[in-house]
4 protein chains.
Amino acid sequence: MISVGLIGYGYWGPKLARNFVDSRGCRLAAICDLNPERLAAAASRYPSIPALDDADAILLDPKIDAVVIATPVSSHFELARRALRAGKHVLVEKPLTSTAADAERLIEEAARMDRVLMVDHTFAYTGAVGKIRELVRGGDLGEINYYDSTRVNLGLFQHDVSVVWDLAVHDLSIMDHILGDAPTAVSATGIRHVPGAPENVAYLTLFFDRSMIAHINVNWLAPVKVRRTLIGGSRKMVVYDDLEPSEKVKVYDKGITVANETENLYKTLVGYRTGDMWAPQFDMTEALTTEIAHFLRCIEGRERPLTDGQAGLRVVRILEAASQSLVERGRPVELDLEVVS
Amino acid sequence: MISVGLIGYGYWGPKLARNFVDSRGCRLAAICDLNPERLAAAASRYPSIPALDDADAILLDPKIDAVVIATPVSSHFELARRALRAGKHVLVEKPLTSTAADAERLIEEAARMDRVLMVDHTFAYTGAVGKIRELVRGGDLGEINYYDSTRVNLGLFQHDVSVVWDLAVHDLSIMDHILGDAPTAVSATGIRHVPGAPENVAYLTLFFDRSMIAHINVNWLAPVKVRRTLIGGSRKMVVYDDLEPSEKVKVYDKGITVANETENLYKTLVGYRTGDMWAPQFDMTEALTTEIAHFLRCIEGRERPLTDGQAGLRVVRILEAASQSLVERGRPVELDLEVVS
Amino acid sequence: MISVGLIGYGYWGPKLARNFVDSRGCRLAAICDLNPERLAAAASRYPSIPALDDADAILLDPKIDAVVIATPVSSHFELARRALRAGKHVLVEKPLTSTAADAERLIEEAARMDRVLMVDHTFAYTGAVGKIRELVRGGDLGEINYYDSTRVNLGLFQHDVSVVWDLAVHDLSIMDHILGDAPTAVSATGIRHVPGAPENVAYLTLFFDRSMIAHINVNWLAPVKVRRTLIGGSRKMVVYDDLEPSEKVKVYDKGITVANETENLYKTLVGYRTGDMWAPQFDMTEALTTEIAHFLRCIEGRERPLTDGQAGLRVVRILEAASQSLVERGRPVELDLEVVS
Amino acid sequence: MISVGLIGYGYWGPKLARNFVDSRGCRLAAICDLNPERLAAAASRYPSIPALDDADAILLDPKIDAVVIATPVSSHFELARRALRAGKHVLVEKPLTSTAADAERLIEEAARMDRVLMVDHTFAYTGAVGKIRELVRGGDLGEINYYDSTRVNLGLFQHDVSVVWDLAVHDLSIMDHILGDAPTAVSATGIRHVPGAPENVAYLTLFFDRSMIAHINVNWLAPVKVRRTLIGGSRKMVVYDDLEPSEKVKVYDKGITVANETENLYKTLVGYRTGDMWAPQFDMTEALTTEIAHFLRCIEGRERPLTDGQAGLRVVRILEAASQSLVERGRPVELDLEVVS
């Protein structure tokens, strides 16, 4: 029975708490938050679980095996490092840290202490993304030509991080999970509409070595909620709409055929191919349930998580580069990421 | 009765022909195309209208008052210049020319000859765009925060121009029409998936002097057709979906409120405001019908068209700058456009 | 502080429990269910609330003021009668009883004991239905021409009642709430696809004295979930789609105009009128929250609930008549309902 | 080369004319309409085809082989009978006649004269309905449990026939085509909202010998256009939405499983099965093109058309019975139809 302490009970913390309480093989031993109101909410919802206002009470508790961190991004590094040093396994909400340097230090610390470091890239544990990964990795889509995501809605404006670090991080972690490949450069543009606040609209283009491009459109100021990704492959194409109650993933047997004209070798003929559409059934288990089971299995078997520190680091590196490009109105910023998957 | 000659009977020409034939106040006097098959199609469809394989037969015909040019972009300049020099009024399919320098020369020529030069920015003549322009110019939306358009589908791949010149041109001309303001720089990224062919996926960000950003997503390789634009205003927001059979324009009474905390002057509080949605009724006349009536009125009254040479030039300048940025993977390219509207 | 006992912890009971626990002005004093598994679930979820397997422990508890009944329909009458006789206020899940005679007896008992008898016609307490009632009663729609509802999905098959008593009851209670008028006859058709089970597909037509018709399409064997109602008025029309995340209620300024030809008095000319569409914002509070607050207010002030015993009786009478017509393949069955509203 | 005469150039006539003109193997020899305006429109559109105001000029013209009748329903019988007697092959717009007795007489006349009698049940010639027929007849859906169609929109109000004869006729002819089975009784309800005009809202339930039911909802007074049919099979289910630009036919691998409990033989356990969804690609040729080619082939080979006089008669018999039931507010009316297919 793995004993888990949760630090942070804001927006995401209550969902983590509910799922840890409902998971087998672990028990939620303590909840910590600095905000008295949130702490009271935790105490009221889970009367039998200690609600603490001091993270040390969790970090230093020898009976706690694993720490889950769901605090603002800026505090991830310090809390995670202390937890690892105290010999805890650690699950950190996305993004892993606010700098790549910090992410590297956490990876080293986890290796040194032989503890599991996992980042909560939640979408990697959904049935939909798992099915898409299967289609991409299995070659059903052919060569991937592009990945194009729109993730917009009204709010929730963050004070400390831009819409890139808040929303684009989801697409970056999904891409990291399904593609097995990393971008070599990024161009980002965006704007802030609240003086003094970070960017609330942003557009990212990711360049790859191969003939592929990725684009992410994120916006906190949209009148409608959209969660839609197009993935174009040379054989098939996918539309992934996370707001569809069923049929979130649609696979289109569509594409182009390319031929050279015989009379004009320099002119290419493009033909169009359209066939059936297919919406595969997949596991509808809540992502956090799957993710927590995976975290516990990794702890027990000392396995490398699917979304390990390296995955967290890759995403943070792209976020850093995007932030730099954003300031320079789209000037491309090079990336040098290592992918092992 | 204005006598009109049509040059070019490919994809767009037949639609122009049908609308000129059905319009009052003009007659379609001749159709020209270099391709024998297309010419035969024109002759079969309009047995009483001469079908010619020589543009000069139209350009030099003294009985023809106006020339409509619906040929590949690269030939627009030469044909339009010769038509203007021959004293004809000219309507040119979008984009006006393939270079800004050529567009300037056409504008000069039209001024010198005192003839109407109009560019076929078709969407400017739709009821939907007219209604949005009314809402924007009338202040209903408040300050415009962003314009974000997605215009994707499978095909039609062009040989001579990229998806930017083929699809993004629509959004640029719509923006030119509704905003009364021009971008100061552009960052563009994209990719080609057919060797030797122009880019078939592209993303444009347009920067403005004021607190506004625009973004255009165009793609010839998408499994689904999307024609959707979000326009965020400080008071209201618009979703314009051109594929909706009715309710193409939806106005959302949504937005944010910004306040400063009293206890912390450096921290801004963002609130959310959501109200009714409203889909205004508007004129459903086919855009070409309205546009041709406007062209004829401008000829008769020697008025400046809504989509005159200057509008065509502004759009071509942005297309040129975008093409340059695209090669440089998003590096921003400055623009210096004059807007009189 | 009103003390409430809940009998029945199956599908609907847990939702009632959660809402009573979260409501102010009352406390959930006990939960009863005959099924040991469900009882254990209640005990685990609410460790501090007694979980009982004997309804009498609630019905005879003098400290309990009000009883909520969420058991199978066949047991509603007996439990509600005993609760009323014991001096409790009673809220009964829909439909109120399985026969009109039983509903009448409950109404008498409640009157005799001077206790509140309320039926859980949940939709009457949603913001959407409240807004539609407001539009209908305020005359915005003009004369109501028809009410046409489709309520279909896959499952949940009931063993004891047909799809009419399970799904159509929602539409009947919504109509009862918004129209202020009752049907004078009903024609119903349907079919059962599981031998020995009740009908799982049914169609009801309701006739009214005035120039109005209502139709309800219910189906437990549909591949897609649909919750859509069209309400046609002489001035405006409503589409109410309960599955829309936002914009559940759309008001269309559409209709026909009727004129008599001057040259032919016997021939009527029908014209069409189309205008704006409007999706009003409304209260998004969970229906049960509103409903429970209303129940508590009625208890405190001895007020007649919006969905009182009479409303429950009217709906049961239509259900009885529909069941009879269904057996006779649509032969119309007369109704004689009294409406006071 | 089959010579064709068209009688009736109102709503449907122009579509027929265009398709006959574009079809190989035939020529449109003459168009007739009693209305001078329509006749002028025909003459203007087809200057080389005689436009006549006297049907006899077509019916008695020995050079004309086939007559197409697109006039109001009440005139179908007389015109078709005279055409057959004059030795012409005949294609009649739906519904075939206004009484079953008339339809029988036409069938006899066609047999006597050995001429082709075909009814224009257009949907039978669409790729979508052809694909559904293939799925149903091939057993992919298993036993058909229900057919449930909604066909509503604003207008076009007819003066001479009710919404049943105008819209429900489409569903009856589609069912006739795909099922290979005929209903044994019908219950219909409806209402008229324009005094003196026929019913503009109607609901039909069709009963079958086997465990199947069909329902049709038609309405000329709906704020939105709907063309949606659910077909429930024991193995799979279909949603056919004719307004979808692509993916008109969706096949759901969903259903129920029925088992008897071991401990309680009287209680049936219903389980649910959900799998993939699949939208098959099919022929997108315009239905009239396919239909006309079929008509010409039947004439040349003296074959029985897919939608022959018998199909037309079966549909008219159901329409007659429905009209009778409608007057009696849903009382079921028995049918005795013979199906050979």
Side-chain angles (χ1 to χ4, degrees), chain A residues 143 145-146 148 150 152 154-157 159 185-197 200-201 203 205 207 211-213 215 217 219-224 226 228 230 232 234 236-239 250-252 254-256 258 266-268 270 272-274 277 325 328-332, chain B residues 143 145-146 148 150 152 154-157 159 185-197 200-201 203 205 207 211-213 215 217 219-224 226 228 230 232 234 236-239 250-252 254-256 258 266-268 270 272-274 277 325 328-332:
Chain A
E143 293 297 309
N145 286 326
Y146 64 85
D148 186 341
T150 304
V152 308
L154 186 60
L156 310 166
F157 275 70
H159 288 286
V186 58
S187 161
T189 55
I191 196 169
R192 71 192 65 199
H193 290 109
V194 177
N200 55 285
V201 175
Y203 307 102
T205 298
F207 303 96
S211 177
M212 179 192 151
I213 198 166
H215 188 262
N217 176 334
N219 190 334
W220 281 332
L221 201 54
V224 288
V226 181
R228 196 152 88 140
L230 309 189
S234 59
K236 291 188 178 171
M237 306 194 196
V238 163
V239 176
K250 291 182 180 165
V251 184
Y252 291 83
K254 285 190 176 179
I256 54 166
V258 177
Y266 301 101
K267 196 170 174 189
T268 318
V270 176
Y272 304 98
R273 187 174 49 73
T274 69
M277 185 269 272
S325 175
E328 301 179 53
R329 297 189 306 168
R331 189 186 65 78
Chain B
E143 293 297 310
N145 287 325
Y146 63 84
D148 186 341
T150 303
V152 309
L154 185 61
L156 309 169
F157 275 70
H159 287 288
V186 58
S187 161
T189 55
I191 196 169
R192 70 191 67 198
H193 290 109
V194 177
N200 55 285
V201 175
Y203 307 102
T205 299
F207 303 96
S211 177
M212 179 192 151
I213 199 166
H215 189 262
N217 176 335
N219 189 334
W220 281 332
L221 201 55
V224 287
V226 182
R228 197 152 88 139
L230 309 189
S234 59
K236 291 189 178 169
M237 305 194 197
V238 163
V239 176
K250 291 182 180 165
V251 184
Y252 290 83
K254 285 190 175 178
I256 53 167
V258 178
Y266 300 101
K267 197 170 172 188
T268 319
V270 175
Y272 303 97
R273 186 174 49 73
T274 69
M277 184 269 272
S325 176
E328 301 179 52
R329 295 188 307 167
R331 189 184 64 77

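Order of the sequence lines fixes the chain letters, A, B, ..., with proteins taken first and strands second; residue numbering starts at 1 for each chain. Side chains are part of it too, since the values below use all heavy atoms of this structure and drop only hydrogens, waters and symmetry mates. Everything numeric in this text was worked out from a predicted model, so none of it was measured.
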Undergrad: Identify which part of Tyr272(B) has an atom lying under 4.5 Å from any heavy atom of chain A, answering side chain, backbone, both or neither.
TA: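 Side chain only.
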Undergrad: Taking all non-hydrogen atoms of both residues into account, name the closest pair between Ala222(B) and Leu230(A) and its distance.
TA: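 Between these two residues, the closest heavy atoms are CB-CD1, 4.1 Å.
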Undergrad: Any side-chain donor-acceptor pair under 3.5 Å between Asn217(A) and Asp148(B)?
TA: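 Indeed, the side chains of Asn217(A) and Asp148(B) share at least one donor-acceptor pair under 3.5 Å.
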Undergrad: Counting only non-hydrogen atoms closer than 4.5 Å, does Thr150(B) touch chain A with its backbone (N, CA, C, O), its side chain (CB onward), both, or neither?
TA: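 Contact with chain A is absent: no heavy atom of Thr150(B) under 4.5 Å.
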Undergrad: Can you see which heavy atom on Val239(B) is nearest to which on Pro223(A), and at what distance?
TA: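 So the minimum-distance heavy-atom pair works out to CG2-CG, 3.8 Å.
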Undergrad: Return the minimal non-hydrogen interatomic distance between Arg329(B) and Ala185(A), and the atom names on each side.
TA: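 That would be NH1-CB, 3.6 Å.
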Undergrad: Side chain, backbone, both or neither: which part of Ser325(A) has a non-hydrogen atom closer than 4.5 Å to chain B?
TA: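 Contact with chain B is absent: no heavy atom of Ser325(A) under 4.5 Å.
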Undergrad: Please confirm whether the backbone N or O of Tyr203(B) pairs with a side-chain atom of His215(A), one donor and one acceptor, at under 3.5 Å?
TA: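 No: the side chain of His215(A) does not pair with the backbone of Tyr203(B).
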Undergrad: Is there a side chain to side chain contact (heavy atoms under 4.5 Å, CB included) between Lys250(B) and Val224(A) once you walk through the steps?
TA: CA-CA 11 Å; Lys250(B) 291 182 180 165; Val224(A) 288; over 6 Å; no
Undergrad: Considering only heavy atoms and a distance below 4.5 Å, find which of Ala188(A), Ser211(A), Gly232(A), Ser234(A) pairs most often with chain B.
TA: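 If we count pairs closer than 4.5 Å to chain B, Ser211(A) comes out on top.
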Undergrad: Mind listing the closest non-hydrogen atom pair of Gly330(A) and Ser187(B) along with its distance?
TA: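 Smallest heavy-atom distance, with atoms named: CA-OG, 3.9 Å.
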Undergrad: Return yes if some donor-acceptor pair links the side-chain N/O of Tyr146(B) with the main-chain N/O of Leu221(A) below 3.5 Å, else return no.
TA: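 At least one qualifying donor-acceptor pair exists.
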Undergrad: Under 4.5 Å from any heavy atom of chain B, what part of Met277(A) do you find: side chain, backbone, both or neither?
TA: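 Answer is neither: Met277(A) stays 4.5 Å or more from chain B.
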Undergrad: Between Asn219(B) and chain A, which part of the residue has a heavy atom less than 4.5 Å away: side chain, backbone, both or neither?
TA: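 The side chain, not the backbone.
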Undergrad: In terms of heavy-atom proximity below 4.5 Å to chain B, should Glu328(A) be classed as side chain, backbone, both, or neither?
TA: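 When you check distances to chain B, only backbone atoms of Glu328(A) fall under 4.5 Å.
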Undergrad: Testing the basics here: between Arg273(B) and Leu154(A), what is the closest heavy-atom pair and its distance to 0.1 Å?
TA: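 That closest heavy-atom pairing would be O-CD2, 4.1 Å.
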Undergrad: If I compare all heavy atoms of Asn145(B) with all of His193(A), which pair ends up nearest, and what's the gap?
TA: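 Looking at all heavy atoms of both residues, the shortest contact is O-NE2, 2.9 Å.
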